[in-house]
Amino acid sequence: MKNRYLKDVSTLILNTEKCTGCGRCIEVCPHHVFSIKERKAEILDKDGCMECGACAKNCPLNAIEVKQGVGCAYAVIMGWITRSEPSCDCSGGNDSGCC
Amino acid sequence: MTVASKDVGMMTMIENGNEVKRTCCSSNSGCGSSEILVEYAGNEKWIQGVINTPKGVVPVVSTQLNFSDILGSWKARWGVNRMNYKINPGLYAVGTPDNESPVLVTANYKSTFDSLRKELADINTWILVLDTKGINVWCAAGKGTFGTKELLTRISCTKLHEIVTQRTLILPQLGAPGLSAHEASRQTGFQVVYGPVRAKDIKEFIRRDMTATPEMRTVKFTTYDRLVLTPIELVEAIKVSIIAFGILFLLNLIVTIPFGLDDFYAYVGALIIGCVITPVLLPWIPGRAFAWKGWLLGFIWAVVVNLINGWPQLPSYSLVRAIGYLLVLSSISSFYAMNFTGASTYTSSSGVIKEMKIAVPIIIITVSLGMLLILLNSFMGI
Ligand code: SF4
Ligand code: SF4
């Protein structure tokens with residue numbers, strides 16, 4: 001069964017104007033959020049986005065914007081306590097997952 | 001025996017933030033062909049031997065995991081020596097690679113390195129291990145330690161340009177949040193391509209002329225993936241719980257109805273539900289928010305606990321305590337389930353924040369209220 005997270009929360013924005021359809025975003029996205037249609041990228045599944053930032057970092061034309069962050073409750077709590085941006089301070093123990 | 005190394009110069013270089021190339025590969029530090037490019041302990045079982053390159057000796061690693069590798073990974077999963085389970089960064093060889101062999105880039109968390117090399121039987125490759133401070137590729141990419149800067153440092157320290165003549169690096173796709181392939185290509189002089197998500201697909205990826213199928217590019221989060229992540233959650237939760245047990249023990253000295261075995265198993269049950277059962281059953285539990293999923297199972301557990309304890313038939317078992325359990329146990333499960341967002345591979349930061357803004361206040365209120373009810377029952381027997 002497929003894991004699905006909250007709807008309508010991702011901060012992902014695609015600027016189709018700038019896009020040349022190179023396909024890098026499709027290559028790096030671990031959740032199949034994009035597809036290419038008529039030589040332009042389009043967002044297929046925005047709710048699948050986990051805001052990892054891979055697409056935005058790797059788009060050669062800066063056509064993608066997303067607020068990169070860690071989807072980790074512990075990090076958010078620490079961020080609230082220390083009044084800073086949540087960051088992942090645990091040592092990752094697995095090969096498929098995050099921390 | 002630790003084989004001598006010239007890495008000391010490199011360390012200084014990082015600390016002072018000086019330019020990489022100058023310090024690392026300066027001729028006065030001696031880059032002669034007899035130099036060793038990676039520091040390693042010669043008695044490591046996973047190192048089979050060495051291979052000579054024009055620029056020095058590179059350790060050849062085994063593609064089979066032995067007992068101590070497996071035990072090490074298992075220990076790290078349970079939180080033993082977790083932060084220090086790493087290998088020295090640098091260049092390693094698999095098989096008998098030459099100047100045309102592919103270069104795979106990975107992190108220096110030993111479990112990550114092991115899961116890569118065990119998939120490389122019968123092929124000849126180089127493995128460039130970046131210094132990610134013992135953290136896996138995904139987390140290190142998020143933090144930026146798996147990134148262009150470290151890649152540049154490691155390439156120049158291992159003199160990779162002179163060891164291989166081909167100009168392609170295969171990076172794990174999960175490292176993509178840490179760097180821009182186009183930037184890194186420009187700066188390193190190597191074309192950066194992203195390999196598959198899972199190490200087991202690497203061979204196939206190389207065979208297909210470095211192209212990945214959509215399947216190879218997708219992160220999965222299978223029941224097994226989730227299961228192996230639960231021990232660390234449990235260990236961390238138990239550490240915190242010891243404090244709670246201490247407080248209950250002290251309270252027992254003064255209350256009318258002391259806390260007993262019932263409370264102990266009720267609590268441990270709620271913990272296991274939040275840390276293990278909810279993660280394992282994740283996709284099958286209705287709803288999307290983790291805190292909600294944990295709350296639901298925790299609530300069912302609390303009902304079960306109350307029934308086992310004899311409520312409502314048993315007159316001595318008060319409604320106040322029963323409600324207290326419902327409130328406290330469900331919240332405990334909810335909290336730990338929410339914490340599992342950090343281990344999951346599909347939760348977004350915005351989503352987690354949204355979920356927490358609702359869940360955290362509710363958890364605080366229900367736990368406080370529930371504790372109050374249970375304490376009222378314990379102190380005054382109502
Ligand atoms: S990486 Fe950027 S330019 Fe390339 S297809 Fe995606 S959005 Fe378009
Ligand atoms: S941020 Fe990550 S998950 Fe979201 S679309 Fe980009 S690559 Fe995919």
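To find a chain, count down the sequence lines: A is the first, B the second, and so on, and within it residues start at 1.
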Do B:N339 side-chain atoms and A:A73 backbone N/O form a donor-acceptor pair below 3.5 Å?
no
Under a 4.5 Å heavy-atom cut-off, does chain A meet the side chain of B:V360, its backbone, both or neither?
side chain
Using a heavy-atom distance cut-off of less than 4.5 Å, which residues of residues 27-38 of chain A contact chain B?
A:E27, A:V28, A:C29, A:P30, A:H31, A:H32
Are the side chains of A:V76 and B:M338 in contact, using a 4.5 Å heavy-atom criterion?
no
Please rank B:P177, B:G142, B:P172 by heavy-atom pairs under 4.5 Å with chain A and give me the top one.
B:P177
Please lay out, stage by stage, how B:M356 and A:I77 fare under the test side chain to side chain contact (heavy atoms under 4.5 Å, CB included).
CA-CA 9 Å; B:M356 290 179 69; A:I77 293 177; 3.3 Å; yes
Could you list the residues that satisfy ring-ring contact (aromatic ring centres under 6.0 Å, His included) with A:W80, not counting sequence neighbours?
none
Would you say the side chain of A:N58 lies within less than 4.5 Å of the side chain of B:E183, judging by non-hydrogen atoms?
no
Relative to chain A, which segment of B:L179 carries a heavy atom at a distance below 4.5 Å: side chain, backbone, both, or neither?
backbone
With a 4.5 angstrom heavy-atom cut-off, could you sort out which part of B:F335 is near chain A: side chain, backbone, both or neither?
side chain
Picking from A:C55, A:C52, A:G69, A:S10, which has the most non-hydrogen pairs under 4.5 angstrom with chain B?
A:C52
The test is side chain to side chain contact (heavy atoms under 4.5 Å, CB included); show your working for B:H182 and A:L61 and say whether it passes.
CA-CA 10 Å; B:H182 49 283; A:L61 290 131; over 6 Å; no
Any side-chain heavy-atom pair from B:E355 and A:Y5 closer than 4.5 angstrom?
yes
Side-chain contact test, heavy atoms from C-beta onward, threshold under 4.5 Å: evaluate it for B:S349 versus A:V70 and give yes or no.
no
Under 4.5 Å from any heavy atom of chain A, what part of B:K357 do you find: side chain, backbone, both or neither?
both
In this structure, CD of A:E51 is separated from CD1 of B:I353 (nearest 0.5 Å) by 8.0 Å
Top residue by heavy-atom pair count (under 4.5 Å) with chain A, among B:F290, B:Y346, B:Y85?
B:Y346
Separation between OG1 (B:T347) and CG (A:N3), nearest 0.5 Å, reads 10.0 Å
Rounded at 0.5 Å granularity, tell me how far OG in B:S350 sits from CG in A:D8.
11.5 Å
What's the separation between atom OG in B:S348 and atom CG in A:L6, rounded to the nearest 0.5 Å?
6.5 Å
